[in-house]
Every structure is written in C-alpha cells, then in structure tokens.
Amino acid sequence: MALVDTGQQPASLGGQSGAPPPVLALRQITKRFHTTRQDVVALDDVTLEVRPREFICIVGPSGCGKSTLLNIAAGIEMEYEGKATFEGSPITGMARERAVVFQEPSLFPWLNVRANVEFGLKLRGLPKEQRREVVDRHLALVSLSGFDRAYIHELSGGMKQRVQLARGLAVEPRVMLMDEPFAALDAQTRDELQLEIQAVWARTGTTVVFVTHNVREAVILGDRVVVMSASPGRIKSIIDVSLERPRIPDDHAVADLAALVRYELQDSGVAGPRYAI
Ligand code: ADP
Ligand code: MG
C-alpha cells in the first residue's frame, strides 16, 4: 500500500505518538541564494524528519533543492533559516556520524582501494590490525574483496562507487547521505548496485537519505519517497513504500508505484489529498 501525504505538515512526518524520535530533523528550512544576477529560493519552508534505520529517497526536478537539503543535513551548508538537528542536537558542521557520498566518486587517485577505505579509520586513530579487519569486512560487504591493491584508475564507475560506499560505511556512520550516487552509471551497473545497497543497508541498519532523479530507483530503494517541486523548492508529498524487499526494477508493483510518483512529480499532480493504491 502506498499513501500520499502532504509534505509540509511536520506532524505527519514522524511526530506520531509512539514513533521513535527522528535521527535527522530538518524543520522549516528556508534557503536563499543571492547572486549578482538573481536571488533564488532554493528551499521554502521544508520540513523532513528521518527515522532510525529508515531509507529515505528524495526525488524532484533539477534545481528543486535536493542537493541543498542534503548539504544542510551534512553540515556542509550552514546558512539557512530553520532548524536542522541530528539526534536532537543542532548540526554545526560535518561529522563522522553523517557520511556523504556524491555522484562523482571523490576518491584519492594516489591511494589504492584499501588505503582509500582505510583513510577515515586512520583519522580516527584506529590501530593497524583493527583497520585491516574493518576494511576487509567492508570490501566484502560491497563485493570488492580481492581488489584491495587496485588503484582507482583501474576500476569501473560501478566499482568506484562501491569503494565510496565501503569508505562511507567503514567509519560506521549513523546516517549515509547520498547525492545521486548512481546517476553516472550505466543501467546494468545501476541495477546491480540497487540490489547491493539494499543488501548492505539490511545488514548494517544504517539510516540512508538518498537523492535521485530516477523515480524507479527511488521506489526500489525507499521506505518513503519524498517528492519535491521546484521554484521555490518545496516538499510536495511523501509516499510510503511498503513493498517487500529486495525490490527489482521489473516488478509490476514497483512500476505501478513509480507511475504514481511520476504523477506526483508532474505539475498537474494533485498535491495534498491522501490516497492509497
Ligand atoms: P538540485 O540538487 O535539486 O538539482 P540544488 O540544491 O543544487 O538543486 O539547487 C537548488 C537551487 O539553488 C537551484 O536554483 C540552484 O541554481 C541554486 N543554487 C544551488 N547552489 C547555489 C549556489 N552556490 N549559489 C547560487 N545558487 C545556487
Ligand atoms: Mg543536485
């Protein structure tokens, strides 16, 4: 069953009695960018609460503020109106508990795969033996065992994103913030990684906020799909996805729900009413 709900009502987004407190709470966020040419309202009164262990997908047209919202959650973007909290405390900058994965892998080309994944663990001062164990475990998790000595330029796009995923997960973040991580990949690799990230997520229990402009991907991965609209950037609706996992692209229920999300994305889509399929 899927339920469409308006996105602008904080009470409907996890504030129900009995619901666990949100891991991440973005409340009444408004973000304006001032440039010499124009002023842009990138986000207009956006409220989103992310529950523990939840997989949240955010979809919306280009320029609707998806990256801006993620950057606020990451602590990269610090100037805005409203309140952003992580586990109840204000977000005041980037932190290990909130790992970020971008579309373009930001790996160190002069380091091999092992050293890339190990990097954050070294910063944390983890002893060598422990680092080895953690890296091995996370490379296995993303099906990259045996590639630990490879250099980044030797890897395919999909493998690079797997390394990013392993590197993000190795520091055991409470939340993974992912900005269109699969957008630059070919369709087959994307399908593979969609399956893989579902398995990884199920095993690690990490909360994930995942931005994509691919509606089907959002339905495959998300517990909830947040639909945004542009100019100004707003949450139009939030759709619950309670289909069984693992979900695959060819599944009819996935396709049906993707059609509903696409409808919501269209300007003619009716924002507001609740309905179920
Ligand atoms: P999305 O990720 O959904 O494509 P963004 O969050 O990147 O959207 O951008 C939202 C809006 O804010 C867009 O209109 C974009 O042009 C504007 N914007 C984003 N970053 C900046 C910036 N650093 N300076 C000025 N405008 C920006
Ligand atoms: Mg973006």
Side-chain angles (χ1 to χ4, degrees), residues 6-8 13 24-50 55-84 86 91-94 98-107 157 160-161 164-165 168 175-186 190 193-194 197 207-222 224-239 258 261-267 269 271:
T6 60
Q8 300 290 336
L13 305 179
L24 191 65
L26 306 166
R27 295 203 175 101
Q28 293 168 306
I29 304 282
T30 294
K31 170 66 188 170
R32 295 182 177 86
F33 285 108
H34 308 286
T35 66
T36 47
R37 279 178 296 114
Q38 57 177 352
D39 287 350
V40 176
V41 183
L43 295 170
D44 181 29
D45 193 22
V46 167
T47 292
L48 178 66
E49 295 187 352
V50 182
F55 203 125
I56 283 266
C57 287
I58 303 177
V59 294
S62 186
C64 73
K66 303 182 294 297
S67 295
T68 304
L69 194 61
L70 209 73
N71 288 343
I72 288 171
I76 296 168
E77 180 61 66
M78 298 294 296
E79 283 180 26
Y80 53 87
E81 293 161 42
K83 202 171 166 191
F86 171 70
I91 294 171
T92 55
M94 291 184 79
R98 284 167 281 120
V100 189
V101 174
F102 297 106
Q103 177 178 334
E104 293 300 328
S106 52
L107 299 165
K160 285 180 195 165
Q161 282 305 36
Q164 282 232 106
L165 205 54
V175 179
M176 287 281 278
L177 302 167
M178 309 182 77
D179 195 354
E180 307 204 30
F182 304 158
L185 304 176
D186 62 85
R190 194 172 186 142
L193 278 174
Q194 284 169 0
I197 196 171
T207 306
V208 180
V209 183
F210 189 105
V211 168
T212 176
H213 59 248
N214 185 313
V215 168
R216 198 173 281 228
E217 180 165 270
V219 170
I220 289 170
L221 297 178
R224 289 190 292 161
V225 176
V226 177
V227 178
M228 293 186 67
S229 56
S231 307
R234 285 187 179 145
I235 293 181
K236 191 174 182 190
S237 53
I238 297 182
I239 298 171
V261 175
R262 254 181 231 112
Y263 176 77
E264 273 297 300
L265 275 169
Q266 290 164 6
D267 284 335

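One-based numbering along the sequence shown. Ligands are counted one by one from 1 in listed order, and the atoms in each one are counted from 1 as well. Fair warning: this is a prediction, and the values are worked out from it, not measured in the lab.
- A heavy-atom distance below 4.5 Å is not found between the side chains of L24 and I56.
- A pairwise comparison of heavy atoms in L221 and F210 identifies CD1-CZ, 3.6 Å as the closest pair.
- For the residue pair V100 and M94, the shortest heavy atom distance occurs at CG2-CE, 4.2 Å.
- Protein N/O/S atoms nearer than 2.8 Å to the Mg ion (ligand 2) total 1.
- In this structure a side-chain-to-backbone donor-acceptor pair under 3.5 Å is missing from E217 to V211.
- Protein residues with any heavy atom under 4.0 Å from ligand 1: F33, T35, V40, A42, P61, S62, G63, C64, G65, K66, S67, T68.
- For L107 against K160, the heavy-atom pair with the smallest separation is CD1-O, 3.6 Å.
- Under the rule for a salt bridge (charged side-chain N to carboxylate O under 4.0 Å, His left out), the partners of E77 that lie at least two apart in sequence or sit in another chain are K31.
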Just distance, no hydrogens or angles: give the donor-acceptor pairs under 3.5 Å from side chains in residues 58-75, sequence neighbours left out.
residue, atom, partner, partner atom, Å
K66, NZ, G60, O, 2.9
K66, NZ, P61, O, 3.1
S67, OG, D179, OD1, 3.4
S67, OG, D179, OD2, 2.7
N71, ND2, S67, O, 3.3

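- A donor-acceptor distance shorter than 3.5 angstrom exists from the side chain of K236 to the backbone of Q266, with no hydrogens or angles considered.
- In this structure, R32 contributes its side chain and D44 its backbone to no donor-acceptor pair below 3.5 Å.
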